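Please read these numbers as outputs of a predicted model, since none were measured by experiment.
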Amino acid sequence: MKENPQMLPTNRSRTQPRAVRPWPLSGMDNSDSRRKPHVYGKLLMAVILTAFCILILKQSPNFSGSNVFSRHEPGVTHVLVTGGAGYIGSHAALRLLTDSYRVTIVDNLSRGNLGAIRVLQQLFPEPGRLQFIFADLGDARAVNRIFAENAFDAVMHFAAVAYVGESTLEPLRYYHNITANTLVILEAMAAHGVKTLIYSSTCATYGEPEKMPITEVTPQLPINPYGKAKKMAEDIILDFSKRSDMAVMILRYFNVIGSDPEGRLGEAPRPELREHGRISGACFDAALGIIPGLKVKGTDYATSDGTCIRDYIDVTDLVDAHVKALDKARPNKVGIYNVGTGKGRSVKEFVEACKKATGVNIKVDYLERRPGDYAEVYSDPSKINSELNWTAHYTDLQKSLSTAWRWQKSHPNGYRSPSAMAV
């Protein structure tokens, strides 16, 4: 704040000699004593105005956020959530905030939704709780600046393109976005002394194993660029952790469904990406009449009904696994865990559950296989059950779909719907 020149006394030259006056006990002449209250009043006003400006600035989220987020505080864990505007990342941020973590979300919004950020900001408006930074993890300078300006205690790295079919069409994009960007994050963590990483990986790193269920020691032989890029990122993390005292947790999760049970968040992929999206999104689009019907790709797999078998994990259980992993993370330790229910369901079973959840007799077209897909994948979650005390609770497929359907039905335009804007 610039000082107002009028607040400061001016020096006036005297052209005439000063009259003889009595010498006061205070050592000041009478004219000075008469002028001082006026000067003090102006100085007091300047102090009050300055204090008022500081108070107003402190009420600003940017001011308080930059101050609070840039320092470590005892008893407060500050988590960087990359991709926190996305489906899974936003649910993770919601859980962290609910559990009194301090959260910084970094997202370039290429796949995420600003509407999800607004919901979180409205739910947690208090200074020092949540900040959102628009940035691309591929920009190493921007990432380094974010780490330099914030005091992170841990990183939950969700940000990634994540469609198997799309990865076969744009493999270089996937290697850059997943593998190279993870390297940027690791370099920034190393440069700024951030020691804890919770990494969002995938069962796609296993490929098409010969034996079910999948355990953490099942050979990783990915068959599509998405799985390969994730495995490369895992390898980089593991190699780096050998030469550092990092606490690392890698969570390989299976097919995510559901949404926040209280209806605050949901899944809202961009319209142009719907064809690559999750089967639950396609089911809901068909039920809403956005698309004429559901396309099931592949009916000739070596499974009981010819369709793929998947392990469907509710997003609420998934974020619970992340929080438990963060709580159990320890320096010089690496934990690798499958996150699933341990039960496989066929695509046909899924479609029937979706019909019941929505109450709509969805039209189904059966097509050829999708490139890069695999026949059967489901987990053995015994390791995460025993070591992290984590168990999937939302295991009723129809109930999880019903919860997600309520959000979809009330948000037909995703976060652009009036109900989302009014939260």
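Checked by atom type and distance alone, the side chain of Glu234 never pairs as donor or acceptor with a backbone atom of Ile250 at under 3.5 Å. Between the side chain of Asn113 and the backbone N or O of Gly115, no donor-acceptor pair lies under 3.5 Å. In terms of modelled atom types and a separation under 3.5 Å, the side chain of Arg102 and the main chain of Gly128 share a donor-acceptor contact. Within the 3.5 Å criterion, the main-chain N or O of His176 finds no donor-acceptor partner in the side chain of Thr179. Of the possible polar contacts, one joining the Asp311 side chain to the Ser379 backbone as a donor-acceptor pair under 3.5 Å is found. Panel note: side chain Thr403, backbone Lys399; a donor-acceptor pair is recorded below 3.5 Å. No donor-acceptor pair closer than 3.5 Å links the side chain of Thr299 to the backbone N or O of Tyr366. Side chain of Asp99 to main chain of Tyr101: no donor-acceptor pair is present (N/O by atom type, distance under 3.5 Å, no hydrogens or angles). Judged by distance alone, with hydrogens and angles left aside, the side-chain atoms of Asn177 form a donor-acceptor pair with the main-chain N or O of Val161 at under 3.5 Å. Distance alone, capped at 3.5 Å, places no donor-acceptor pair between the Ser400 side chain and the Ile257 backbone.
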Contacts table for residues 325-336: side-chain donor-acceptor under 3.5 angstrom, sequence neighbours left out:
| unit_1 | atom_1 | unit_2 | atom_2 | d |
| --- | --- | --- | --- | --- |
| Arg330 | NH1 | Asp327 | O | 2.9 |

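Under the side chain to side chain contact (heavy atoms under 4.5 Å, CB included) criterion, Glu126 pairs with Phe124, Arg129, not counting sequence neighbours. With sequence neighbours excluded, the residues that form a salt bridge (Lys or Arg N to Asp or Glu O under 4.0 Å) with Lys355 are Glu352. For Glu208, there are no salt bridge (Lys or Arg N to Asp or Glu O under 4.0 Å) partners at least two apart in sequence or on another chain. Lys324 is linked by a salt bridge (Lys or Arg N to Asp or Glu O under 4.0 Å) to Asp320, counting only residues two or more places apart in sequence or in another chain. Legend: residues meeting salt bridge (Lys or Arg N to Asp or Glu O under 4.0 Å) with Glu376, ordered by chain and number and at least two apart, are absent.
Looking at Ile279 and Val347, their side chains come closer than 4.5 Å, going by heavy atoms from C-beta outward. Residues Arg345 and Ile309 form no side-chain contact, since every pair of their non-hydrogen atoms from C-beta on lies 4.5 Å or further apart. Contact check for Thr395 versus Asp314: no side-chain heavy atoms found under the 4.5 Å cut-off. Inter-residue side-chain proximity for Val81 and Val155 is flagged as unmet; no heavy-atom pair is nearer than 4.5 Å. With contacts defined as side-chain heavy-atom distances shorter than 4.5 Å, the pair Thr218/Lys211 does not qualify. Under the 4.5 Å side-chain criterion, counting only non-hydrogen atoms from C-beta, Pro381 is not in contact with Val339. Using a 4.5 Å heavy-atom cutoff, the side chains of Ile117 and Leu114 are in contact. Side-chain contact between Thr104 and Val79: absent, with no pair of heavy atoms (C-beta onward) separated by less than 4.5 Å.
Atoms CG and OG, from Asn224 and Ser167 in turn, are 4.5 Å apart once rounded to the nearest 0.5 Å. Interatomic distance, His192 NE2 to Ile146 CD1, rounded to the nearest 0.5 Å: 10.5 Å. Put simply, CZ on Arg252 and OG1 on Thr202 are 10.0 Å apart, with the number rounded to the nearest 0.5 Å. Atom CG of residue Leu197 and atom OG1 of residue Thr182 lie 8.5 Å apart, to the nearest 0.5 angstrom. Separating the OG atom in Ser259 from the CG atom in Leu265 is a distance of 8.5 Å, to the nearest 0.5 Å. A distance of 14.0 Å separates CG of Leu183 from CD1 of Ile178, quoted to the nearest 0.5 Å.
No side-chain N or O of Ser200 forms a donor-acceptor pair with one of His157 less than 3.5 Å apart. For the residue pair Ser346/Asp305, the side-chain donor-acceptor check at 3.5 Å is satisfied. Donor-acceptor pairing under 3.5 Å is lacking for the side chains of Glu216 and Tyr337. There is no side-chain donor-acceptor pair under 3.5 Å between Asp285 and Gln408. When only modelled atom types and interatomic distance are considered, Tyr378 and Asn255 share no side-chain donor-acceptor pair under 3.5 Å.
Nearest heavy atom pair, residue Ala191 against residue Asn144, reads CB-OD1, 4.4 Å. Heavy-atom minimum distance, Ala268 versus Gly414: CB-CA, 4.0 Å. Taking each heavy atom of Pro222 and Ala204 in turn, the nearest pair found is CB-O, 3.5 Å. Taking each heavy atom of Lys231 and Thr205 in turn, the nearest pair found is N-CG2, 3.7 Å. The two atoms that bring Ile105 and Gly84 nearest to each other are CG2-CA, 3.5 Å, heavy atoms only.
When each of Val319, Val103, Leu120, Val119 is paired with Leu94, the side-chain contact (heavy atoms from CB on, under 4.5 Å) condition holds for Leu120 and for no other.
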Check against side chain to side chain contact (heavy atoms under 4.5 Å, CB included), Tyr312 and Thr341: CA-CA 7 Å; Tyr312 296 99; Thr341 66; over 6 Å; no
Audit row: Met189, Met246, side chain to side chain contact (heavy atoms under 4.5 Å, CB included) steps and yes/no: CA-CA 10 Å; Met189 291 179 70; Met246 282 185 66; 3.7 Å; yes
Report the C-alpha distance between Asp153 and His72 in whole Å, list the side-chain angles of each, state the deciding distance to 0.1 Å, and finish with yes or no for side chain to side chain donor-acceptor pair (under 3.5 Å). CA-CA 8 Å; Asp153 299 297; His72 293 285; 3.0 Å; yes
Candidate pair Tyr175 and Glu170, rule side chain to side chain contact (heavy atoms under 4.5 Å, CB included), full reasoning: CA-CA 9 Å; Tyr175 291 122; Glu170 301 182 64; over 6 Å; no
Working for side chain to side chain contact (heavy atoms under 4.5 Å, CB included), residues Asn108 and Leu137: CA-CA 8 Å; Asn108 67 0; Leu137 298 184; over 6 Å; no
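For Tyr415 and Trp407, the gap between ring centers is short of 6.0 Å.
Classification of the Phe69-His78 ring pair by plane angle, with boundaries at 30° and 60°, yields perpendicular. Aromatic ring orientation, Phe147 versus Phe152: perpendicular (interplanar angle above 60°, classes split at 30° and 60°). Ring planes of Tyr226 and Tyr174: perpendicular class, angle over 60° (limits at 30 and 60°).
Between Arg71 and Glu149, none of the side-chain N atoms (NZ, or NE/NH1/NH2) sits under 4.0 Å from a carboxylate O, so this pair counts as no salt bridge. Residues Glu368 and Lys297 are not paired through a salt bridge, judged by the lack of any N-O separation under 4.0 Å between the basic side chain and the carboxylate.
Within a 6.0 Å radius of CG in Asp365, other residues, nucleotides and ligands contribute more than 12 heavy atoms. More than 12 heavy atoms of other shown residues, nucleotides or ligands fall within 6.0 angstrom of atom NZ in Lys383. In this structure, Tyr253 places its OH atom where more than 12 heavy-atom neighbours from other residues, nucleotides or ligands lie under 6.0 Å away.
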